[in-house]
Number of protein chains: 2
Amino acid sequence: MSIGETTLYNEQTRARIAWYYYVAGLTQQEISDKLGLPRARVNRIVGQLRADGSVVVDIRLPLVSCVELEERLKTAFGLKLVSVVPSADDDEQQRRMLGDAAGVVLDSLLADGQCIGVGWGRTLIASIKRLRERELKDACVVSLMGGLTKGSETNTFEVSTELARTLGADCYYVTAPIYCPSAESREILLTHSGVNEVMARAKQADIALVSCGDLTSRTKLTAINTVNEQLPQLEKDGAIGEFLGTFMGADGDPVNHPLNRKVIAMPPADLKAIPHSFLISGGLYKAEVIRAILHKGYVNCLVTDEAVARRLLSPENRPKTSNRKAAATA
Amino acid sequence: MSIGETTLYNEQTRARIAWYYYVAGLTQQEISDKLGLPRARVNRIVGQLRADGSVVVDIRLPLVSCVELEERLKTAFGLKLVSVVPSADDDEQQRRMLGDAAGVVLDSLLADGQCIGVGWGRTLIASIKRLRERELKDACVVSLMGGLTKGSETNTFEVSTELARTLGADCYYVTAPIYCPSAESREILLTHSGVNEVMARAKQADIALVSCGDLTSRTKLTAINTVNEQLPQLEKDGAIGEFLGTFMGADGDPVNHPLNRKVIAMPPADLKAIPHSFLISGGLYKAEVIRAILHKGYVNCLVTDEAVARRLLSPENRPKTSNRKAAATA
DNA sequence: GTTGCCAAAATACAAATGTATTATACTGAA
DNA sequence: TTCAGTATAATACATTTGTATTTTGGCAAC
């Protein structure tokens with residue numbers, strides 16, 4: 001069912017527990033008595049129901065401060081759709097809110113015959129969980145970037161697989177590493193029929209879902225070895241963050257660094273041809289990267305948090321060099 | 001905001017708490033710290049959010065046993081729409097589930113320009129809370145029955161008022177008591193222009209929402225004095241329950257009892273002219289009444305619980321005289 | 001049969017939540 | 001200013017929930 005976890009017990013029991021717990025309002029003890037299950041199991045199932053999107057909550061109170069920010073961002077950056085959620089201190093919590101909001105927006109946008117390009121990141125995973133399951137006709141999901149060689153707990157393949165499953169769509173994978181050993185091997189792979197075709201298909205996508213990261217270890221991508229050891233040099237070369245595997249400077253242009261010549265992913269500029277391209281990212285430490293991406297107009301839809309929204313709208317108020325890694329200063 | 005309770009604190013704080021608690025997953029303590037509110041208040045607000053429908057949960061796992069019963073009920077009684085929810089031991093819990101299900105069905109049915117007739121009952125109140133707030137154009141809500149003189153905590157007026165507010169519709173009230181002092185006074189009131197017009201408008205409704213009750217004190221209507229003291233005689237006259245203020249026998253026909261000649265409400269038979277007429281009622285002790293209503297074809301849509309559904313589908317298996325009042329047997 | 005292994009249940013305890021009670025601050029009238 | 005009266009916050013405690021640990025009951029290999 002979900003991405004990581006295995007599903008406890010059978011669907012029907014889970015559904016029944018959902019009703020009794022979330023709708024009728026029984027306690028877990030009452031449910032365990034009624035259904036003849038150990039309370040511990042009921043407890044774990046209840047926990048899973050929310051986590052895997054089997055039970056979804058809908059907040060029917062608009063947050064005016066967020067709605068207002070959404071409007072201002074639309075005009076300031078010429079965006080089609082913007083969703084602003086409250087800010088959180090914790091990354092995991094922030095991702096849940098961003099994912100939820102993204103899911104809500106996306107739910108209203110998906111239709112038969114569409115092609116959805118998808119990047120990578122924990123925020124994207126969160127948003128897929130919030131999507132309603134469907135059986136879209138003639139729809140497909142395309143990965144916008146290569147995979148990670150060292151099996152991170154969530155690889156790019158899993159994101160696209162899970163999205164495809166949720167939508168009942170076909171899935172196309174970029175069967176190549178996100179970073180090739182060399183620029184030459186990248187060229188070779190890109191001429192490979194398979195990779196080639198998938199990348200071409202990605203360009204035709206109707207919707208793209210992409211996240212971004214900064215250069216701290218909070219961002220998952222920079223945690224992988226290939227990137228991690230390059231961080232000092234990347235910073236020296238003016239990189240402030242990553243978007244679709246590409247490292248970019250404060251102006252939104254890719255920096256001149258070897259990794260950018262080894263990356264196998266859709267080039268950010270190609271997103272501009274996609275009708276609905278989403279940047280789903282939040283957390284104040286990513287504000288600078290987000291600003292760069294919006295400034296360059298790579299995307300036309302945004303899901304972010306309140307604090308970032310305010311920062312984006314404030315006059316070119318450079319984010320202070322907050323919790324940057326104390327590495328390369330040579 | 002809601003029907004009974006007064007709303008704690010301001011909307012915006014409530015919305016923020018909803019996000020942090022239900023989406024981000026903060027504890028109430030963390031929220032109280034973050035927002036600088038006493039934890040007890042956060043706790044009470046969280047409790048209210050669910051209760052008043054500001055936060056709504058959506059279960060995305062179908063219960064096959066219920067789905068199956070829905071289909072069988074459709075064919076067995078020639079119904080347009082049926083929703084079956086799990087059964088509960090407690091009436092309040094059962095109402096929450098019935099209300100939730102009714103709200104979901106209704107949400108997909110409501111449209112501009114519609115006229116919605118509404119009866120009375122705690123189950124109906126529960127279902128209104130689940131409805132999405134809207135601003136329907138040219139829609140109206142009409143009460144299908146007179147009001148209670150002795151202020152019950154939830155009068156018929158409040159049900160229609162709240163539904164109208166939720167839908168952004170106009171509201172028409174039957175400004176008369178549900179039971180007149182005499183058949184004569186009833187006739188006089190029915191010729192009164194106001195009452196008259198509203199009753200006429202009710203006949204034109206596109207959707208009707210009605211509940212029903214048995215003759216025990218579990219049913220709210222029988223708890224009011226006028227009815228309560230008549231119960232022995234009603235049973236003697238063959239009544240098994242109440243529907244739109246009218247007392248009916250096991251065959252679904254109104255019984256010959258004075259109350260039925262004093263009632264100010266839409267006659268059950270008039271429902272047949274309404275495109276979508278809902279019976280929203282559950283609990284095994286109401287099965288007999290529900291069966292009578294369905295048998296007579298007064299309604300074409302049903303929301304009930306699993307146990308009742310099974311009873312309805314089982315061969316004319318008279319419900320055993322379970323918890324009937326030990327009154328009139330003379 | 002015995003043994004070892006695994007999975008599921010029972011148990012026990014810690015954290016979070018719900019609720020009542022007491023304390024405090026605020027308001028308006030004398 | 002004082003004094004109710006009220007409303008809000010602090011506190012304390014009972015219940016419910018979350019999680020780790022122990023126990024039990026198969027089941028397969030020996």
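Worth saying up front: this structure is predicted, and the values here are computed from it rather than measured. Letters go in sequence order (proteins before strands), and every chain restarts at 1.
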* Structure fact -> B/Arg41 atom CZ is separated from C/dG18 atom C1', nearest whole Å, by 16 Å
* Write down the distance between CD (B/Gln48) and P (C/dT19), rounded to a whole number of angstrom. => 12 Å
* Could you tell me which residues satisfy side chain to side chain contact (heavy atoms under 4.5 Å, CB included) with A/Ala24, sequence neighbours excluded, listed by chain and number? => A/Tyr20, A/Leu26, B/Gln93, B/Met97
Identify each atom pair where a protein N or O and an N or O of nucleotides 17-19 of chain D are less than 3.5 Å apart, giving names and distance.
| residue | atom | partner | partner atom | Å |
| --- | --- | --- | --- | --- |
| D/dT17 | OP2 | A/Gln28 | N | 2.8 |
| D/dG18 | OP2 | A/Gln28 | NE2 | 2.6 |
| D/dG18 | OP2 | A/Asn43 | ND2 | 2.5 |
| D/dG18 | O5' | A/Asn43 | ND2 | 3.4 |
| D/dG18 | O6 | A/Arg39 | NH2 | 2.8 |

* **Atom-to-atom span, CG of B/Leu49 to C1' of C/dT17 - whole angstrom** => 15 Å
* Residues forming a side chain to side chain contact (heavy atoms under 4.5 Å, CB included) with A/Val308, sequence neighbours excluded -> A/Leu284, A/Ala287, A/Ile290, A/Thr304, A/Asp305, A/Leu312
* Indicate whether any N or O donor in one side chain lies under 3.5 Å from an N or O acceptor in the other, for B/Arg16 and A/Ser65. => yes
Protein and nucleotides 21-27 of chain C: nitrogen or oxygen contacts under 3.5 angstrom:
none

* How would you list, by chain and number, every residue that makes a salt bridge (Lys or Arg N to Asp or Glu O under 4.0 Å) with A/Arg50, sequence neighbours excluded? -> none
* Asked: Hey, are A/Glu242 and A/Lys286 close enough for a salt bridge, meaning a charged N less than 4.0 Å from a carboxylate O?
  -> no
* Among all residues two or more places apart in sequence or in another chain, which pass the side chain to side chain contact (heavy atoms under 4.5 Å, CB included) test with B/Thr161? -> B/Tyr173
* Any ion pair linking B/Arg96 and B/Glu92 (charged N to carboxylate O, less than 4.0 Å)? -> yes
* Asked: Salt bridge check: are A/Asp89 and B/Lys34 linked by an N-O gap of less than 4.0 Å?
  -> yes
* Structure fact -> Between CG of B/Asp33 and C1' of D/dA10 the distance, given in whole Å, is 14 Å
